[in-house]
Every structure is written in C-alpha cells, then in structure tokens.
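To start, the structure itself, in structure tokens.
All values derive from a computational prediction rather than experimental measurement. Throughout, a chain's letter reflects where its sequence line sits, starting with A, and its residues are numbered from 1. Below, each value reflects all heavy atoms present in this structure, side chains not excepted, and no hydrogens, waters or symmetry copies.
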Amino acid sequence: MYRHLERRLAQHVREFLRHTYDLDLPKIVIEQPPKVEFGEYALPLAFELAKKLRKAPRKIAEEIVNGLGSIPGFEEMELAGAGYINARLRREELAATLVADERPRAEVPSGKILVEHSSINPNKAAHVGHLRNAILGDTFVRMLKFAGREVDVQNYIDNTGVQVADVVVGFLNIEKKSRAEIEQLARQPRFDYYCWDLYARVSQWYAENKQNVQVRQQALHAIEEGNNDSAAVAEVISVAVLRRHLETMDRLDIEYDFLPRESEILHLHFWDAAFAKLKEGGVLSFETEGKNNGCWVMRRAGTSKSEIAEGAEASAEGAEKGEVAEEDQKVIVRSNGTVGYVGKDIAYHLWKFGLLGRDFGYRRFYRYPNGHDCWMSTAVGALEHPHFGNVSEIYNVIDARQAEAQNTVIEALRALGDNEQADHYTHFSYEMVALTPRCAAELGYQLSDEDKSRPYIEVSGRKGFGVKADDLLDRLIASAKNEVDDRHPQLTDAERTTIATQIAVGAVRYFMLKFTKSSVIAFDFKEALSFEGETGPYAQYAVVRAANIFRKGGFDPQEFGRNAADRVSAGDLAKHLNGEAGNEIWELWLASAKTSYLIDQCVATTEPAYLAKHAFLLAQLFNAFYHRHPILSEADEGRKKFLLATVAVVRRELTRVLAVMGISVPAVM
RNA sequence: GGGCGCGUAGCUCAAACGGAUAGAGCAUCGGAUUUCUAAUCCGACGGUUGCAGGUUCGAUUCCUGCCGCGCCUACCA
C-alpha cells in the first residue's frame with residue numbers, strides 16, 4: 001500500500017507539472033523525510049526546477065503546494081526547509097488497510113525467471129563462501145516469488161573439471177583405493193569432509209613432484225572421455241558430494257529445482273551447436289599466429305574496439321582488420337580442439353534462453369522432506385519431466401571475481417544479435433567471504449607476518465583453508481541449544497533442538513544478508529555466533545514477544561489479526577495515531593507498511609541487504625514500543641484494542657519479511 | 001601495465017537516483033517500576049567520511065589527480 005500511495009503521489013505531481021509549467025519530468029524523485037513528523041514522503045522537486053523556471057526554490061515549492069489540490073489518502077502538502085515539499089498521509093486510512101491486510105497487486109511482468117546460485121564444485125565440503133552465495137541466491141528467489149514472479153532455481157554442477165579430477169587422483173593414486181572402497185566411503189555421513197582433507201593433500205602432492213601433475217592431466221582427460229575407471233570414480237565422488245551439498249543447504253531451507261551438469265553439456269554436444277552458431281555469427285576468430293596460434297578466440301569483455309584503434313601503432317594494423325589485440329583475446333577453443341569453460345558457459349546460456357536448439361535429458365535426483373523434487377541433467381532421461389530453460393530473464397549469483405567471464409558470455413549473446421536476452425541477463429555479483437587473521441589462527445593455520453597484518457585472508461579450498469558450512473551450523477545450533485536448554489527446561493529435547501536450529505538458521509542467514517553485496521565479509525566466529533544486537537535472533541525474538549502478548553492475553557494472533565478490522569475502530573486508529581503522541585507508534589505502523597516497497601527495491605537493485613536492515617529496524621521499533629507500552633494491563637479498552645492491533649500488524653509483517661529472508665520464527669525463545 | 005571494486009566512530013558495517021542534524025551493532029562506562037521472559041530497553045563516550053582540487057543552492061555519494069588495500073587479467077574450471 002505504501003508504494004501504491006507513492007505512485008499515486010508521483011502521478012499527481014507529474015500531471016500538475018505538465019498542466020502548470022508544461023514540463024514532463026520522466027522521474028519524480030520521492031524521498032523519505034528524516035522524521036515522521038515531517039510526513040511520509042518528501043519531494044526535493046523545487047530545487048531541481050529552480051534553474052529551469054528561474055525562480056527561487058521556496059517560491060516554486062509554494063506554488064506547487066498551493067496548486068496541487070487534494071490527493072486521496074493524503075493530507076495537505078507542506079512546505080519545509082529551503083524548498084522541500086512534504087506529503088503527509090491520512091494515517092488512519094493507511095492503518096485501516098494494514099489492519100485488513102489489503103494489498104493492491106502491482107502488475108506482474110509475465111515470463112519465467114531463472115536464478116542460478118550455489119554452483120559448488122562437487123569435490124569437497126561447502127564453506128562459508130558458498131553459504132553467502134546460496135543465501136543471497138535463495139533470498140533473491142524468495143523475493144521474486146513474493147513479487148509474484150515464476151522462478152526456476154538452478155545449481156550448475158561442474159562435475160568434469162580439474163577439482164573433481166584432483167580428488168579422483170587423491171583416491172586412486174595417493175590412497176590407492178579401489179572403486180569398491182571409494183563407493184563404500186562415499187556412503188559415509190560426511191564424505192565431503194573426507195574429500196576436503198584429501199583435496200588439500202593432493203595439492204601438496206602436486207607441489208612435491210612435477211610428474212604428479214601429469215597424473216592429473218591423465219585423470220582429467222579420462223574423466224572427460226568417459227567409460228573408464230577414473231570417470232566412474234569421478235561420478236561416484238561428485239554425486240556423493242553433491243548430495244551432501246544439497247543436505248547442507250536443506251538445513252538452511254534452501255532448495256533447487258534443477259541441477260544441470262557439465263558432463264551433459266559435453267556428452268549432449270551443447271558446445272557443437274553453440275560453436276556452429278558462434279562461427280556463423282562471426283563472433284569467434286581463428287588465430288594463425290602469436291601465442292594463441294591455432295585457437296578460436298573472442299574479444300575479452302570490457303576491452304573496447306575504439307580503444308584499440310586509437311591505441312599504439314603496433315596494433316593499428318590489426319585493428320583495421322577488425323582483429324583483437326593478443327592481450328585482449330579470450331581463448332574459447334584451444335589449439336588442441338578442446339573447449340574452455342567460457343565456451344561451455346556460452347552454450348549453457350544459449351540453452352537457458354532457448355536459443356541453442358538442444359535440451360538436456362532429465363531425471364529425478366533428490367526429494368526434499370517436504371516432497372519437492374530436484375531434477376538433474378542426464379544423457380537419456382525420463383519421458384515425463386518438468387520443462388526447464390527457455391526463460392525470459394536470468395540472474396546468475398556468482399561472486400565478483402567472475403565478472404569478466406560473465407561479461408564475456410553476455411558479449412557473445414550480443415555479438416550473436418540476441419540483445420533482448422543480453423539485456424535480461426543479470427550477473428548478481430557479490431564480494432567474497434574471507435577470514436580475519438584471528439579466525440584463521442583460531443582454526444590452527446600458520447600465518448605469515450604479511451598475512452597477519454592484512455584485514456582479511458582469502459579462503460582456499462585447494463589449501464583446505466576455510467570454515468566449513470556444516471561446522472558453522474553445528475556450532476550455531478550447539479550455542480543456541482545451550483541457551484534454549486537454560487531458558488526452557490520444560491520442553492522436550494526435540495522441541496528445544498527445533499528451536500535452536502531455527503535460531504541458528506536465523507543467525508547465519510541474517511549474518512550473510514546484512515552486509516551489502518560489495519562488501520567483503522571478513523568472517524569471524526565471534527560476530528557470526530552472536531545472537532544479540534543486529535542479528536537474526538534479535539528479529540525473531542521481537543516476533544516471539546509479539547506472539548507472547550497474544551498468548552498471555554488469551555488470543556490467537558492469527559485469529560485476532562483476521563478480525564482486527566472489526567475490533568479496532570477507525571476512530572481509535574485516528575485518535576491514537578495522530579498528533580505528537582501518535583508519532584512514535586505511527587513510525588512502527590509506517591515501517592510495517594513498507595514490506596512490498598522494500599522488496600521491490602531489493603529486486604530492482606539486486607540488493608537483499610535493504611530487507612535485512614528493514615527487518616532489524618522493524619524489530620528495533622517494536623522492541624522499543626513493547627518496552628514503553630504495557631498492553632495487557634491497559635485500562636482503556638479502546639486503546640488496548642489499538643495496541644493489540646499494532647502488535648498484530650507488526651507480528652504479521654515482520655514474520656513475512658523474515659520468511660522472505662528464509663528465517664522462520666520459533667514458538668518460544 | 002590494463003580492468004573492476006573498496007577506504008566512513010576503537011572494531012564490524014549503513015546512509016536507494018547528490019538532499020534536512022552522517023546512522024546502527026559490537027566494545028567501554030552508567031542506568032531500567034522483580035513486567036506482555038532482560039536474546040530486551042534507556043543514556044554516555046566515540047567523526048576533518050584516506051588526501052588535494054573541481055562541479056553544485058547542496059557532495060560520504062558525481063568528476064580529476066594522488067595515497068593505501070583487495071580481486072581479476074592461464075591454450076585451469
């Protein structure tokens with residue numbers, strides 16, 4: 001409703017400007033005043049118009065205020081400061097729509113959206129960096145669904161790369177395990193932990209002897225070719241580790257619809273189809289000299305043609321022929337004829353948009369406890385399956401280090417003339433999770449003096465350096481469980497574990513969402529394990545308190561919410577929300593009204609952190625309100641109903657906001 | 001060298017297209033009617049927004065230069 005009113009205001013102002021000044025502004029800037037006393041919306045419009053109209057800002061603001069007339073839902077406009085126009089809502093009207101939970105539906109664009117996230121190499125346990133990816137991705141999916149969009153969630157599995165080959169080498173060449181033994185190990189509960197350690201050992205083993213590196217090459221080729229022992233072992237390992245990743249993510253309520261695998265991209269010859277298109281479209285060029293002699297190359301994204309043309313004389317000759325300077329070349333097909341990962345990625349993305357002309361086979365792979373099926377690609381699949389791909393919009397949740405590769409894929413689409421698709425390709429970029437030196441030391445890693453002086457140290461799976469996702473979750477659950485055990489000894493152990501798990505998930509999900517995407521998270525257990533202050537449990541606690549009021553008062557909160565419209569009168573709303581005394585509580589109502597508005601902002605900017613901040617603000621306002629106003633002991637019956645309606649609205653909206661962040665609310669805390 | 005990003009309180013971070021007194025959490029210190037449970041609340045302390053210019057009625061935000069830091073820049077994936 002809040003965003004609906006904002007649009008209504010913008011519409012009125014736009015029409016007024018057209019009539020009065022014959023001005024057509026494409027965008028009416030609407031801000032939020034620093035304090036509720038100033039109103040709910042602020043327009044710095046007059047400053048902008050001062051130059052165009054050659055009048056003082058204050059004078060213009062005055063004209064607008066006087067000329068705008070009345071707008072449904074709004075009080076009269078007000079002039080403030082040097083030329084701000086503040087708009088004030090009729091508080092009781094917005095409050096009434098909130099009580100009744102009336103939400104005007106915004107028009108939803110049609111077309112399916114594909115969100116790709118997680119994409120963890122299936123050769124070792126998931127770590128905190130993967131957690132950030134999956135939580136950002138899953139939260140974004142929830143936001144899109146909240147906004148009414150249809151979404152498919154994909155988790156791309158690179159099961160044929162060197163990382164998997166390395167672990168295969170570890171099992172076969174270092175540990176000298178048989179296939180049967182490996183299959184046995186793969187059934188162990190935390191097989192991914194075993195691989196984590198082995199992977200680190202393999203890296204060391206390569207460093208010890210140059211010849212060992214050749215073993216890796218052989219393994220890699222064998223895996224890509226298929227139909228041999230190495231390939232079979234690779235399949236066992238990657239599938240088992242992948243299953244573990246799905247289990248880990250399921251602990252956080254993160255689910256996927258489809259797992260496309262690189263092995264199928266290879267075996268179903270996606271690349272051949274893409275290669276033909278790229279050659280036909282003149283996107284690739286074949287090098288006949290220099291270091292990339294014999295390769296098919298593409299211009300690296302971000303290197304423009306004009307710069308080359310204006311650049312050094314040495315490249316001027318090549319530039320005239322439309323060639324790409326060597327340092328700007330991205331090799332797509334190697335001189336030995338094999339395709340690199342960017343090539344496969346281009347093929348994959350052509351498939352996503354339905355431009356490839358080929359499809360995967362599909363098979364059911366994983367069934368979640370709630371009955372939802374996750375499908376996986378396969379060479380020859382089930383006859384009956386849901387349809388994936390062929391979408392109109394995609395978001396790839398991939399960290400900022402992959403920006404160049406992502407842009408290269410987008411450029412390939414453009415070069416093929418698929419601009420519509422390129423425009424709807426969003427690299428949802430975010431910064432990595434690193435460890436603080438203190439955290440690294442805590443984990444027992446030896447640090448150089450140089451590393452100790454850094455603000456953070458990059459995680460490295462290859463070195464086995466990092467915090468495993470399941471370890472973090474285990475620690476969070478244990479810590480929460482201690483607290484719950486103390487506070488609620490009357491509950492069964494199972495009940496207490498459920499609550500502790502909800503709190504742990506709330507803590508880790510909030511932690512990963514509260515930083516803006518562009519901020520590197522320097523991970524530290526102390527901060528991540530905190531349940532106080534700006535944390536998920538703080539917000540959960542606010543909802544639990546709200547629910548407690550109803551429980552103690554003998555009401556069912558949902559029931560009360562549904563009937564609140566009958567219980568609290570318009571007169572009471574007006575009486576208690578207006579004036580000096582009403583400001584504080586109105587702030588709480590207003591914040592509660594902003595759920596849809598915030599989610600729109602988050603989707604438009606691909607920035608979930610705004611919603612996390614909002615959840616915290618809402619919880620903070622509620623906690624202050626809770627402290628200041630005794631409700632059940634309120635003598636004035638009308639006021640008591642009003643306060644209960646306030647609690648009902650906040651409880652509902654905060655629960656909703658937390659749900660979009662994938663955070664559930666415990667029964668008690 | 002080139003590309004992308006960052007630099008804000010002791011620490012970790014906010015501040016949507018440039019806007020009203022730059023805000024939170026943590027830490028430190030001092031408080032809260034023994035209540036709808038304190039995983040809470042209130043207060044204090046804490047800032048030349050890396051430096052120097054420029055644009056603007058107005059700059060943490062935009063532009064230029066400098067300083068510092070990180071990531072990317074493989075015929076690895």
Per-pair distances, 0.1 Å, donor-acceptor, side chain in residues 527-535 of chain A, under 3.5 Å, sequence neighbours excluded:
residue, atom, partner, partner atom, Å
A/S530, OG, A/E532, N, 3.2
A/S530, OG, A/E532, O, 3.2
A/E534, OE2, A/Y510, OH, 3.1
A/E534, OE2, A/K613, NZ, 3.1
A/T535, OG1, A/F531, O, 3.3
A/T535, OG1, A/Y538, N, 3.3

Within the stacking criterion (centroid distance below 5.5 Å, interplanar angle below 30°), does A/F47 stack on B/G58? no
If you look at every strand shown and take non-hydrogen atoms under 4.0 Å, does A/N123 touch a base, only sugar-phosphate, or nothing? nothing
Heavy-atom contacts under 4.0 Å between residues 619-629 of chain A and RNA chain B, which residues? A/Q620, A/N623, A/Y626, A/H627, A/H629
So which nucleotide does B/U12 pair with, by the Watson-Crick or G-U wobble rule with both distances under 3.5 Å? B/A24
Counting side-chain heavy atoms from C-beta on, which of B/C76, B/A39, B/A24 comes nearest to A/F616? B/A24
Side-chain N,O (A/Y538) to OP1/OP2 (B/A24) below 4.0 Å: no
Phosphate OP1/OP2 of B/G70: any A/R454 side-chain N/O under 4.0 Å: yes
Would you tell me if any nitrogen or oxygen in the side chain of A/K552 comes within less than 4.0 Å of OP1 or OP2 on B/U37? yes
Looking at B/C75, I'd like to know if its phosphate oxygens (OP1 or OP2) sit under 4.0 Å from a side-chain N or O belonging to A/K291. yes
Aromatic A/F525 / basic A/R475 pairing, under 6.0 angstrom, 45° off normal: yes
OP1, OP2 of B/C75 versus side-chain N and O of A/N336: anything below 4.0 Å? no
